[in-house]
2 protein chains.
Amino acid sequence: MDQLYDEYCRILKAAGYKHTKPRLSILEVMLENHNKHLSIEEILKLAQEKDPEIGIATAYRTLLLFEQLNMVYKLDFGDGLSRYEINEGNVGHHHHHLICLGCDKIIEAKWDLLDELEEAIQEDEHFSIVDHSLKFYGYCSECQAKDRKGEKHEERK
Amino acid sequence: MDQLYDEYCRILKAAGYKHTKPRLSILEVMLENHNKHLSIEEILKLAQEKDPEIGIATAYRTLLLFEQLNMVYKLDFGDGLSRYEINEGNVGHHHHHLICLGCDKIIEAKWDLLDELEEAIQEDEHFSIVDHSLKFYGYCSECQAKDRKGEKHEERK
DNA sequence: TTAATTGCAAATGGTTTGCAATATT
DNA sequence: AATATTGCAAACCATTTGCAATTAA
């Protein structure tokens, strides 16, 4: 089905975890939505299409496990929901996010110019960096256009 | 007492909000702890030393108000608590944080080399940046030293 | 006086947990 | 068969909200 699927199955087994239906279903969901930022609720709903028995507690436990095994990233866009994204193996450098304050859209940022900054930090502070999280808040081009037309932004919840 | 205190009192009034004891007490607490990252619970406890009547709901409402007026920053270090820090007016560019995965210590990072990256994003994506959040996860010098001695990291909750 | 603000307690909502039943190896 | 895993429901805990009482202007 997918090379990552096999790889992550192997990792699960290697770490001593069983290949259960809920785990494999959720893994499939995460791979099928590799470009999205699904919430637990969304992941559960999709997984239940494959295995209707799955409960919410298992979804939480499974995503936590996947996160610990570095199979997924946990994302937080400040909307009160934990979101997850499969780790596609671009070692250590997952992308950043642009969060639109007008319409709550999330845009992927492909730039990664943090190397300089990371080096400075490692040297000056003797802090050994493992990972980072970078979010930009602002207004997307569409919301800027709306603004120019004098329209209101959609209300943020 | 403090020039920022006066300034923020003015801002409150200007925005049509009353100068109540809870608000002024919490403002004082935030100014007296300008270099810390206090949780709501901690802010409440400190504010209650000045005004024992204050309830938790007021603390939440006040910090939300202060955040909306850009008087404080809301911080999230992933420990399940909302933390707040007074905005000392370094316009738009508050500092970044280094979060130690070994001992949960938070180190302030003074570097701000994101200008290049922000320019690239504004141009390529036509995304108008208002603010950003940058966190680095890794190990502080002390935890690295402990590691070399073969000691265990403290358990994370 | 009057409209904003507060404290309290109850409600909310995402997440975690205890436990008996079930599934994997 | 032995152990890990699950689903369920209850518990948890940070945050929000309704409302009557209080307070600032």
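Sequence lines set the chain letters: A, B, ... in the order given, protein chains first and strands last, and positions in each chain run from 1.
Put simply, the side chain of B/Met71 does not reach to within 4.5 Å of the side chain of B/Asn87, judged on heavy atoms. Between A/Pro22 and A/Asp51 the shortest side-chain heavy-atom distance falls below 4.5 Å.
Among the candidates B/Leu38, B/Thr58, B/Ile26, the single residue satisfying the side-chain contact (heavy atoms from CB on, under 4.5 Å) test with B/Leu63 is B/Ile26.
Residue B/Glu41 is out of contact with every strand shown, counting any heavy-atom pair closer than 4.0 Å. Among the heavy atoms of the strands lying under 4.0 Å from B/Ile54 are primed sugar atoms or P, OP1, OP2 only; no base atom is included.
An OP1 or OP2 oxygen of C/dA4 is reached within less than 4.0 angstrom by no side-chain nitrogen or oxygen of B/Thr20. A/Tyr60 has no side-chain polar atom (N or O) that falls below the 4.0 Å cut-off from OP1 or OP2 of C/dT16. Taking only side-chain nitrogens and oxygens, A/Arg61 never comes nearer than 4.0 Å to OP1 or OP2 of C/dT16. Close to D/dT15, at under 4.0 Å from its OP1 or OP2, lies a side-chain N or O of B/Ser82.
Nearest-nucleotide positions on DNA chain D place A/Tyr17 closer to the 5' end than the other of A/Tyr17 and B/Tyr17.
Looking only at atom types and distance, the side chain of A/Glu42 has no donor-acceptor partner in the side chain of A/His37 under 3.5 Å away.
The side chain of A/Ile40 approaches C/dT15 more closely than any other nucleotide in the set D/dT6, D/dC8, C/dT15. When each of D/dT6, C/dC8, D/dA9 is scored by its nearest atom to the side-chain atoms of A/Arg23, the top-ranked nucleotide is D/dT6. Considering only side-chain atoms of B/Lys18, the nucleotide from D/dA9, D/dA25, D/dT5 that sits closest is D/dA25.
Evaluation of atom-type donor-acceptor distances gives no pair under 3.5 Å for the side chain of B/Lys21 against the base of D/dT23.
In this structure, the NZ atom of B/Lys74 is 6 Å from the P atom of D/dT16, given to the nearest Å. Here the P atom of nucleotide D/dT5 and the CD atom of A/Glu53 are 19 Å apart, to the nearest Å. When rounded to the nearest whole Å, the span between CG of A/Leu12 and P of D/dT5 equals 9 Å. The distance between atom CG of A/Leu65 and atom P of C/dT16, rounded to the nearest whole Å, is 13 Å. Taking atom NE2 on A/His19 and atom P on C/dT25, their separation rounds to 7 Å, with Å as the unit.
With respect to B/Lys74 and B/Glu85, no salt bridge is recorded, no charged nitrogen being found less than 4.0 Å from a carboxylate O.
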